[in-house]
Amino acid sequence: QVQLVESGGGLVQAGGSLRLSCAASGRTFSRYAMGWFRQAPGKEREFVARISVSGGSTSYADSVKGRFTISRDNAKNTVYLQMNSLKPEDTAVYYCAAGAYSSSPGTMYYWGKGTLVTVSS
């Protein structure tokens, strides 16, 4: 079993930056692709970014391309989401997930409890 704990969320002004971290337990962390998803109030959970097992491949939702960067450090069992040029529409609870290298939430096996990101205008 993999346990995921997100951190780094908070309140930031539009145009600002935040870096989210996701700490994973277990020695099997490096066997899973990782992803970040988010859920805004009144909306369904949506894909944000994903990274392959080795970190060699990444993919992003169109809404965050050029602004967000996902990375992982398998030695530290941690995945990151660097968020720059934040917009109010980025406001959401951000979830870290482990599973397939996919944009579909249904392909992820494990989920963190989320961290809230609020972007003020």
Side-chain angles (χ1 to χ4, degrees):
Q1 183 177 346
V2 176
Q3 292 184 322
L4 306 172
V5 180
E6 303 95 337
S7 63
L11 175 65
V12 65
Q13 295 183 11
S17 299
L18 282 175
R19 188 179 76 159
L20 305 183
S21 297
C22 175
S25 67
R27 294 171 292 177
T28 60
F29 168 77
S30 62
R31 301 184 67 178
Y32 295 95
M34 300 294 295
W36 285 97
F37 298 78
R38 68 186 182 187
Q39 188 165 20
K43 297 184 178 180
E44 296 184 358
R45 189 168 300 186
E46 66 176 359
F47 165 76
V48 176
R50 64 188 183 191
I51 188 167
S52 61
V53 173
S54 66
S57 298
T58 59
S59 181
Y60 301 89
D62 288 342
S63 60
V64 306
K65 285 182 179 178
R67 300 189 297 119
F68 291 10
T69 302
I70 188 171
S71 62
R72 68 189 296 164
D73 187 337
N74 288 348
K76 296 181 178 180
N77 286 356
T78 303
V79 63
Y80 306 94
L81 184 68
Q82 178 66 47
M83 305 185 295
N84 298 326
S85 302
L86 284 163
K87 304 175 181 179
E89 49 263 47
D90 293 319
T91 295
V93 176
Y94 284 71
Y95 298 90
C96 176
Y101 184 67
S102 172
S103 61
S104 175
T107 65
M108 311 308 287
Y109 300 117
Y110 306 103
W111 293 85
K113 294 183 178 180
T115 185
L116 177 63
V117 172
T118 303
V119 184
S120 63
S121 61

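Every value quoted in this text rests on a predicted model; they were computed, and no experiment measured them. Excluded from the calculations below are hydrogen atoms, water molecules and symmetry mates; all remaining heavy atoms, backbone and side chain alike, are included.
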- Message: Quick test of your reading: applying salt bridge (charged side-chain N to carboxylate O under 4.0 Å, His left out), list the pairs with at least one residue in residues 69-81, sequence neighbours left out, ordered by first then second residue.
- Response: none

- Task: Sequence neighbours left out, what passes salt bridge (Lys or Arg N to Asp or Glu O under 4.0 Å) with Glu89? Give chain and number order.
- Result: none

- Got a sec, which residues hit side chain to side chain contact (heavy atoms under 4.5 Å, CB included) with Tyr101, two or more places apart in sequence or on another chain? Ala33, Arg50, Ser52, Ser57, Ser59

- Item | Residues in side chain to side chain contact (heavy atoms under 4.5 Å, CB included) contact with Ala23, at least two apart in sequence or another chain | none

- Query: With sequence neighbours left out, what residues match Tyr110 under ring-ring contact (aromatic ring centres under 6.0 Å, His included)?
  - Reply: Tyr32

- Partner residues of Ser102 under the side-chain hydrogen bond (donor to acceptor under 3.5 Å, both in side chains) criterion, sequence neighbours left out: Thr107

- Give, for atom CG of Leu18 and atom CD of Gln82, the distance between the pair rounded to the nearest 0.5 Å. 8.5 Å

- Item | Closest approach of Thr115 to Leu20 (non-hydrogen atoms, all atoms of both residues) | CG2-CD2, 4.0 Å

- Item | Straight-line distance of Phe29 CZ to Thr78 OG1, nearest 0.5 Å | 6.5 Å

- Message: I need the minimum non-hydrogen distance between Val79 and Ser71, along with the two atoms involved.
- Response: CG2-O, 3.0 Å

- Query: Do the non-hydrogen side-chain atoms of Pro105 and Gln39 ever get within less than 4.5 Å of each other?
  - Reply: no

- Note on the structure: So CE of Met34 and CG of Leu81: to nearest 0.5 Å the spacing works out to 11.5 Å

- Item | Residue list, side chain to side chain contact (heavy atoms under 4.5 Å, CB included) with Lys65, at least two apart or on another chain | Tyr60, Asp62

- Query: Given side chains that start at C-beta, do those of Val64 and Arg38 come closer than 4.5 Å, heavy atoms only?
  - Reply: yes

- Is there any disulfide bond (SG atoms under 2.5 Å apart) pair reaching into residues 27-83, and which pairs are they, with sequence neighbours excluded? none

- Partners meeting ring-ring contact (aromatic ring centres under 6.0 Å, His included) with Tyr80 (sequence neighbours left out): none

Which side-chain N or O atoms in residues 3-17 pair as donor and acceptor under 3.5 Å with protein atoms at least two apart or in another chain?
unit_1: Glu6; atom_1: OE1; unit_2: Lys113; atom_2: N; d: 3.1
unit_1: Glu6; atom_1: OE1; unit_2: Gly114; atom_2: N; d: 2.8
unit_1: Glu6; atom_1: OE2; unit_2: Cys96; atom_2: N; d: 2.8
unit_1: Glu6; atom_1: OE2; unit_2: Gly114; atom_2: N; d: 3.2
unit_1: Ser17; atom_1: OG; unit_2: Asn84; atom_2: OD1; d: 2.9

- What's in the same ILVMFWY side-chain cluster as Tyr95, cut-off under 4.5 Å, chained through other members? Phe37, Phe47, Val93, Met108, Trp111, Leu116

- Message: List the residues meeting side-chain hydrogen bond (donor to acceptor under 3.5 Å, both in side chains) with Arg67, not counting sequence neighbours, and say none if there are none.
- Response: Asp90

